[in-house]
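Single-structure report; data block below.
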Amino acid sequence: MSVVRTHTYSVAEADLEEFLARRAGLIGTVRETCPGLTHAVLIQLDDGTYHDTWHWEDAGLLESASRAVAALPEAPPTMALTKDVSTQDGHVVDER
């Protein structure tokens with residue numbers, strides 16, 4: 001089964017449109033440079049925070065990409081619009 005990296009964070013309402021554009025650019029670059037990203041899902045939770053889950057084919061590709069993403073020029077400006085960031089990794093055990 002696939003693996004996921006989930007980020008939870010806040011984005012100021014005034015920055016949301018810019019954040020979404022930057023996130024889309026970052027995802028595009030990650031797909032061009034790092035194999036294995038199958039899809040990314042962004043959910044706004046009831047408390048106003050965001051739950052951003054990136055699905056990867058396997059743990060090795062996730063780890064390789066996580067090292068590479070830090071060096072991508074799109075990453076710092078995208079993440080600069082977030083605050084209170086937490087990250088967790090997990091393995092998909094059931095998907096329907």
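Owing to the predicted nature of the structure, the values given are computational and were not obtained by experimental measurement. For the numbers below, each heavy atom of this structure counts, side chains included, while hydrogens, waters and symmetry mates do not.
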Less than 3.5 Å apart, which donor and acceptor atoms pair up between the side chains of residues 36-45 and the rest of the protein, not counting sequence neighbours?
from: Thr38; atom 1: OG1; to: His55; atom 2: O; distance (Å): 3.2
from: Gln44; atom 1: NE2; to: Tyr50; atom 2: OH; distance (Å): 3.3

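- Hydrophobic clustering (ILVMFWY, side-chain heavy atoms < 4.5 Å, transitive): Val4 and Trp54 are in distinct clusters.
- The hydrophobic cluster containing Leu16 also contains Tyr9, counting ILVMFWY residues as joined when their side-chain heavy atoms lie under 4.5 angstrom apart, directly or transitively.
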Distance-only donor-acceptor pairs under 3.5 Å for side chains of residues 89-96, two or more places apart:
from: Asp89; atom 1: OD1; to: Arg5; atom 2: NE; distance (Å): 2.5
from: Asp89; atom 1: OD1; to: Arg5; atom 2: NH2; distance (Å): 3.3
from: Asp89; atom 1: OD2; to: Arg5; atom 2: NH2; distance (Å): 2.7
from: Asp94; atom 1: OD2; to: Arg96; atom 2: NE; distance (Å): 2.9
from: Asp94; atom 1: OD2; to: Arg96; atom 2: NH2; distance (Å): 3.0

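- Evaluation of the salt bridge (Lys or Arg N to Asp or Glu O under 4.0 Å) test over residues 28-54, restricted to residues two or more places apart or in two chains, returns Arg23-Asp52.
- In this structure, His7 NE2 and Thr53 OG1 are separated by 9.5 Å, a value rounded to the nearest 0.5 Å.
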Please list every donor-acceptor pair under 3.5 Å in which a side-chain atom of residues 77-84 meets a protein atom from a residue at least two apart or in another chain.
from: Thr78; atom 1: OG1; to: Arg22; atom 2: O; distance (Å): 3.4
from: Thr78; atom 1: OG1; to: Glu74; atom 2: O; distance (Å): 2.7
from: Thr82; atom 1: OG1; to: Met79; atom 2: O; distance (Å): 2.7

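- The side-chain contact (heavy atoms from CB on, under 4.5 Å) search around Ala68 returns Cys34, not counting sequence neighbours.
- Phe19 and Val69 sit in two unconnected hydrophobic clusters of ILVMFWY residues. Membership requires side-chain heavy atoms under 4.5 Å apart, directly or through other members.
- Checking side-chain atoms of Ser64 against main-chain N and O of Gly60 turns up no donor-acceptor pair under 3.5 Å.
- Considering only residues two or more places apart in sequence or on other chains, Ser10 meets the side-chain hydrogen bond (donor to acceptor under 3.5 Å, both in side chains) condition with none of them.
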